[in-house]
Amino acid sequence: MSGTVTIGILALQGAFAEHQTRLQNLRLKRKITTVLVKTPEDLQRCDALIIPGGESTTIALLARLSGLLEPLKAFIYTKPVWGTCAGAILLSQSVTNAKKDGQELLGGVSVDIARNGWGSQVESFEAPLDVNGLHESSVPFIGIFIRAPVVLALAPDAPIQVIARLPPHLLPEPADDENDPRTIVALRQGLHLLTTFHPELTPDDRFHDYFARKCVFTTVPTV
Ligand SMILES: NC(=O)CC[C@H](N)C(=O)O
């Protein structure tokens, strides 16, 4: 179909089916085709990609075994990619709290992120978020955080736009400073979007629409 973009969802492990459902709901208003990506050939068909939540070390291992690791790194270099939760870890430049055997990253976003940054006492929670740039932005988006990572630091001078934060009193070690990087739960850098929570688990398509509008349709030529 003319003007249609193909958004892939990395489908090795984790919540990929839920992302596909959200994107399929958007098809009435946006010209989107979805592909579940399991091989380098699947990836080649994509104009943009979502890396879902799940378990970041498992996803990286399966990506290596299926020959996707290097193609993914090359893809991220030039195309829009959105990482949610484990996907956000994989998109980060560096990770604190990696598993003992290390953590393979894809990079693309200039942040240091802590795996399981909420610790054991608050592993999962929900919080209403004000998201800059979302449609109907007066209606909070419910963020579902499941063993979520925490952004620890942004690289100085990286062109990062913060689009949602938690209030500092909700942090694992509560802070007063509302600019504390650990409050950041959604950000954009160039073509990339990173969310530490799971927008695909909420019956609200606005975050998927945001990715389509801000990262995909603005950058992918649709002829
Ligand atoms: N919900 C998630 O994606 C959790 C991420 C997981 N804690 C990891 O390290 O990969």
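Counting convention: from 1, in listed order, for ligands and their atoms alike.
Residues Ile50 and Leu201 do not share a hydrophobic cluster, clusters being chains of Ile/Leu/Val/Met/Phe/Trp/Tyr side chains in contact below 4.5 Å.
Looking at Ile51 and Trp82, their side chains never come closer than 4.5 Å, going by heavy atoms from C-beta outward. For the pair Leu106 and Leu69, the minimum side-chain heavy-atom distance is below 4.5 Å. The shortest side-chain heavy-atom distance between Asn116 and Pro149 does not fall under the 4.5 Å cut-off.
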- Item | Step-by-step ring-ring contact (aromatic ring centres under 6.0 Å, His included) determination, Phe197 to Phe207 | CA-CA 11 Å; Phe197 55 99; Phe207 236 103; 5.6 Å; yes
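Counting atoms of ligand 1 from 1 in the listed order, those under 4.0 Å from a heavy atom of Gly53 are 3 (O). Close approach of ligand 1 to Ile146 is summarised as follows: ligand atoms under 4.0 Å from at least one heavy atom of the residue are 1 (N), 2 (C), 4 (C).
Looking from atom 6 (C) of ligand 1 to the surrounding protein, the closest heavy atom is Gly54 O, 3.6 Å. In terms of protein heavy-atom proximity, atom 10 (O) of ligand 1 is closest to Ser56 N, 2.5 Å.
Looking at His198, Arg147, Gln103, it is His198 that brings a heavy atom closest to atom 1 (N) of ligand 1. Of all the listed residues (Ala15, Ala88, Cys85), Cys85 holds the heavy atom that lies closest to atom 2 (C) of ligand 1.
Counting only distance, with no hydrogens or angles, the side chain of Ser56 and the backbone of Ile89 share no donor-acceptor pair below 3.5 Å.
For the pair Asn116 and ligand 1, the shortest N or O to N or O distance falls below 3.5 Å.
With a 4.0 Å heavy-atom cut-off, ligand 1 is reached by the side chain of Arg115 but not by its N, CA, C or O. Counting heavy atoms closer than 4.0 Å to ligand 1, residue Ile89 contributes side-chain atoms (C-beta onward) but none from N, CA, C or O.
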